Structures are given as C-alpha cells and as structure tokens.
There are 2 protein chains.
Amino acid sequence: MSEALTDVPGRGRRPRRPSGDDRERALLATAEALLEQRPLDGISVDDLARGAGISRSTFYFYFASKEAVVLALLDRVVAEARAARTAALAGATGARDAWRAALVTVRDTFREHRALTAAATQLLAASPEVRSLWSAVMEDFVAETAAAIDAERARGAAPAGPPARDLAVALNWMNERVIQVSVSGAGPGLAEEDLVEVLLAIWLRTIYGSDRIDR
Amino acid sequence: MSEALTDVPGRGRRPRRPSGDDRERALLATAEALLEQRPLDGISVDDLARGAGISRSTFYFYFASKEAVVLALLDRVVAEARAARTAALAGATGARDAWRAALVTVRDTFREHRALTAAATQLLAASPEVRSLWSAVMEDFVAETAAAIDAERARGAAPAGPPARDLAVALNWMNERVIQVSVSGAGPGLAEEDLVEVLLAIWLRTIYGSDRIDR
DNA sequence: CCCGCGGCTCGACGCCATGTCGAGATGCTC
DNA sequence: GAGCATCTCGACATGGCGTCGAGCCGCGGG
C-alpha cells in the first residue's frame with residue numbers, strides 16, 4: 001500500500017513520469033481508499049497528494065479542493081448507478097420485477113461505495129455542487145417512480161391514494177437513508193441481506209395497498 | 001442583533017459580569033442563530049465567542065469545540081422531543097391516533113430546529129458523540145414502534161409480514177430523512193403541510209396492509 | 001540536433017482556524 | 001479583607017488551506 005498507486009510500466013526503460021491522467025486516477029483512487037478509513041474532514045489535501053505520489057501544491061493543478069475530488073468520484077458512481085438502473089429496468093418483466101430490480105441496483109451501489117456515499121451524505125449540507133448532483137439523481141428516481149405508480153393506477157393495478165409523486169419522494173428517500181445507515185452501521189439498521197425484502201414490502205404495500213383499517 | 005445576547009439586568013447597578021450559566025446560554029443561543037445562516041464549517045469558534053460577548057479562548061472554558069456546542073444543543077432538543085412524544089402518545093386514543101400524533105411531534109421538532117437537525121445530520125458521519133446520541137433516540141423510536149406493531153398484530157388488527165422491527169427501522173428512518181429534506185429544501189421534498197398525511201399513509205399501508213398483488 | 005512550448009511540479013509564503021497555557025481579574029464566603 | 005473557585009484573556013504553537021512564481025520534463029517542429 002505504501003509505494004503510491006501510480007507506477008506506470010514504461011515498457012522496459014526506467015520509470016517515466018506518469019501522465020496527467022494517471023495522476024488524476026491515482027488521486028481519485030487514493031481518495032476512495034482513504035474514505036474507507038475516515039471521514040473527509042480527517043483527510044487532508046496532503047494525504048491525498050502523498051497517496052498519489054505528488055506534492056501538496058501539485059494537487060491543486062488537478063483539483064480545486066478535496067471536495068472537488070469527492071464530487072468527481074461521485075460523478076462516476078452516479079453515472080454507473082444510472083446505467084445499472086436502466087439496464088436492470090430494461091431486463092425486468094412486469095411491474096413487480098421492476099420494483100425489485102431497481103431496489104437491488106440502489107442497494108448494490110451503496111454497498112460497493114459505502115465510504116463514498118457516506119461522504120456524499122455529509123457533504124450534502126456543506127457543498128452546493130454535491131447537493132445539486134444528488135438532488136438531480138433523486139429527482140430522476142422520483143419522477144420515474146411517480147410515473148410508474150401512475151401507470152399502475154391507470155391500468156387499475158394500484159388503488160388511488162396520495163399523489164404518486166409524494167409517495168415516490170418518501171419511498172426513494174427512505175431507500176437512500178435506510179440503505180446508507182444499514183451498510184455503514186451508523187445507527188439502528190437492517191441486515192444487508194434483508195434490505196431488499198423489507199424495503200420492497202414497504203414499497204408494495206404503499207403502492208398497491210389502501211389505508212383502510214377495518215377488521 | 002449586534003450587542004451580544006448576554007446583558008444581565010444587574011438590578012439597578014452597573015453591568016455585572018454575567019454568570020457562567022449566562023455565558024453558556026449565550027453561546028448556545030448564538031450557535032443556534034448562526035446555524036440558521038450557514039452550516040457548521042462556516043462558523044468559527046471566534047464567531048461563537050463574539051456572539052456571546054467573550055474572547056475566543058474563554059470559549060474553551062465552556063466547551064471543548066464547536067461540535068460540543070452542537071451536541072449540547074442537540075441534547076436539549078432530544079429531551080424536548082422525547083417529552084413531547086410521550087405527552088402526545090399519552091393523549092392519543094387508539095392506535096391510529098397514536099401513529100399520527102407521533103408523526104406530528106417528529107415533524108414539529110424538525111421544523112422548529114431545522115438548522116440544528118441539519119447540522120446533526122452532517123455531524124452524524126464525523127462525530128461519534130452525535131452518532132451515538134442520534135442512534136439512541138432512533139433506537140428508542142424503533143423499539144417503541146416495533147412493540148406497537150407487534151401489539152397490533154397480536155390483537156389481530158394488523159396482518160403478519162416482515163419482522164416488526166425491520167419495518168420500524170425503515171419507517172422511522174424514512175420519517176427522519178423525508179422531514180429533514182422537506183423542511184430544509186435540500187433536494188426533492190414534500191410540502192410541509194403534506195408531510196404528515198403522506199408519511200402517515202405509508203405507515204398505515206405498511207403496517208396494516210399485506211403485499212398481495214391480486215386484481 | 002536542439003529549441004521552444006505546454007503540460008506539469010514544487011517550495012515558499014500568507015492566511016486563518018484550532019487548541020493550550022499561564023498570568024491574572026472577579027466576586028463569593030467565611 | 002483574605003482566600004479560593006470561577007472565570008477571562010493574550011500569546012503562542014500547530015496545522016491545514018490556497019496561491020504564486022520559478023522552474024523541470026518531454027515532445028514535436030525547425
């Protein structure tokens with residue numbers, strides 16, 4: 001772990017100076033690795049620079065701040081997540097399948113990047129850029145969910161109830177929070193293997209059930 | 001707003017030196033006021049000290065750090081919230097009433113202290129103390145909710161389903177997150193006046209409904 | 001070949017925030 | 001009015017951040 005994650009082969013000859021892209025990648029990798037160990041405030045620009053084998057001031061040639069590094073990382077993960085979701089939804093047959101598939105991809109994203117998503121959650125309050133990126137993703141999920149609920153209602157599979165968008169907002173934030181907490185252990189959570197079942201049950205009951213309490 | 005929130009009457013005579021308790025209160029008040037304007041990282045110990053009319057070093061006589069101030073604030077709010085919840089639940093007649101009452105008190109707490117709760121959310125990742133306080137509260141709510149669900153199931157009012165505790169975990173985190181986001185505007189949220197209705201609908205459907213999709 | 005230029009690197013500097021220390025002031029109690 | 005606990009402050013040490021200007025490296029053109 002110590003000799004800086006850079007070291008380009010250089011085909012035979014002595015080590016060449018790594019390219020700018022290599023450096024950038026090394027910084028991103030270092031950041032994600034360090035985030036596994038401590039929260040962002042515990043990581044200095046110097047830590048990142050050293051991890052990538054460059055000096056602190058050189059760091060600023062690549063990124064404006066450590067928050068910017070996290071944002072870049074987040075961009076990547078968001079792109080991945082969108083792609084995975086689209087693929088999963090395309091592969092699903094029927095509504096019920098689709099709900100579960102979406103849930104699984106969200107869980108997997110948070111699981112594979114727990115450190116990063118935790119950092120993002122923390123930066124939500126402090127960084128406008130992170131906030132707007134996160135909001136955009138959330139907005140997409142919400143809109144998509146709301147449309148799906150409306151479709152189910154239109155074809156008579158789901159009963160009427162609160163505005164579909166309102167349900168979608170609540171359900172999607174629930175996913176985000178519950179999964180985040182559960183994979184990071186920052187409070188009472190669910191076992192990772194139960195996440196999908198439990199959340200799915202809530203989604204289905206919310207979407208396909210009505211609030212009558214009889215009996 | 002400028003002349004430091006301290007100024008004890010001193011009964012006629014010239015201003016006496018404010019007591020330690022006054023100072024502490026002034027610091028807490030200053031902190032909550034400043035948090036309305038910017039996140040915690042944007043507030044320096046000096047800001048807090050000046051707001052309370054003392055020097056920066058004197059601040060450290062009262063608190064070990066600005067995080068400690070937030071923690072103290074949080075302690076107060078948590079105590080209030082617990083009390084309000086207990087009172088509300090005592091006043092509720094019947095289960096349905098109780099669910100709504102609990103929801104209302106949570107919403108009100110977040111609404112009256114949006115700045116503070118936002119700061120707490122951010123510190124969740126960074127401060128073990130905040131994390132453990134928050135977890136403790138959450139754990140209480142979850143345990144209480146789970147017990148109530150089990151009671152409803154026992155008396156035949158609610159059908160079987162996923163473990164009550166799992167549902168309780170998810171529902172309570174949903175509340176926290178959705179309310180937080182909605183009152184702070186940090187992403188797609190619900191209108192404040194719809195919060196209770198929408199969340200309640202989800203709770204009721206989750207607790208009293210089953211996941212069968214027929215029709 | 002070597003020259004120049006754009007991409008890259010660094011050390012040094014100034015700034016700001018944090019937290020600590022020791023030297024006092026203040027006011028209550030006996 | 002002496003003594004003590006409470007409280008206050010300025011000075012200092014430390015450490016992170018972001019900037020700047022002086023250069024180094026390697027490639028492509030003359």
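The structure presented is a predicted model; accordingly, all values stated were derived computationally and were not measured. Letters A, B, ... mirror the listed sequences (proteins, then strands); counts begin at 1.
- Protein atom CG of A/D22 is 17 Å distant from nucleotide atom P of C/dG7, rounded to whole Å.
- Counting to the nearest Å, the P atom of C/dT20 and the CZ atom of B/F59 are 12 Å from each other.
- By the side-chain contact (heavy atoms from CB on, under 4.5 Å) test, A/D97 is found to be paired with A/A92, A/T93, residues two or more places apart in sequence or in another chain being considered.
- Among residues at least two apart or in separate chains, salt bridge (Lys or Arg N to Asp or Glu O under 4.0 Å) pairs with a member in residues 69-78 of chain A are A/E32-A/R76.
- If you take CD of B/E24 and C1' of D/dT8, they are 16 Å apart, rounded to a whole angstrom.
- Counting to the nearest Å, the C1' atom of D/dG26 and the CG atom of A/D21 are 16 Å from each other.
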Which pairs would a plain distance check flag for residues 166-173 of chain A, meaning a side-chain donor or acceptor within less than 3.5 Å of a matching protein atom at least two apart in sequence or in another chain?
{"from": "A/N172", "atom 1": "ND2", "to": "A/T145", "atom 2": "OG1", "distance (Å)": "3.1"}
{"from": "A/N172", "atom 1": "ND2", "to": "A/A168", "atom 2": "O", "distance (Å)": "2.9"}
{"from": "A/W173", "atom 1": "NE1", "to": "B/P188", "atom 2": "O", "distance (Å)": "2.7"}

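- No donor-acceptor pair closer than 3.5 Å links the side chain of B/R114 to the backbone N or O of B/S184.
- Between B/L40 atom CG and C/dA17 atom C1' there is a gap of 13 Å when expressed in whole angstrom units.
- Scored by the salt bridge (charged side-chain N to carboxylate O under 4.0 Å, His left out) test, A/D140 finds A/R82 as partners (sequence neighbours excluded).
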I'd like a list of close polar pairs between nucleotides 10-17 of chain D and the protein, N/O only, cut-off under 3.5 Å.
{"from": "D/dG10", "atom 1": "N7", "to": "B/S57", "atom 2": "OG", "distance (Å)": "2.9"}
{"from": "D/dG10", "atom 1": "O6", "to": "B/S57", "atom 2": "OG", "distance (Å)": "2.9"}
{"from": "D/dC17", "atom 1": "OP1", "to": "A/K66", "atom 2": "NZ", "distance (Å)": "3.3"}
{"from": "D/dC17", "atom 1": "OP2", "to": "A/V45", "atom 2": "N", "distance (Å)": "2.9"}
{"from": "D/dC17", "atom 1": "N4", "to": "A/R56", "atom 2": "NH2", "distance (Å)": "3.4"}

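- In this structure, CZ of B/R50 is placed 10 Å from P of C/dA17, rounded to the nearest angstrom.
- Rounded to whole Å, the distance from CZ on A/F61 to C1' on D/dC24 is 13 Å.
- The stretch residues 116-133 of chain A participates, sequence neighbours left out, in no salt bridge (Lys or Arg N to Asp or Glu O under 4.0 Å) pair at all.
- In this structure, CG of A/D41 is placed 17 Å from P of C/dA17, rounded to the nearest angstrom.
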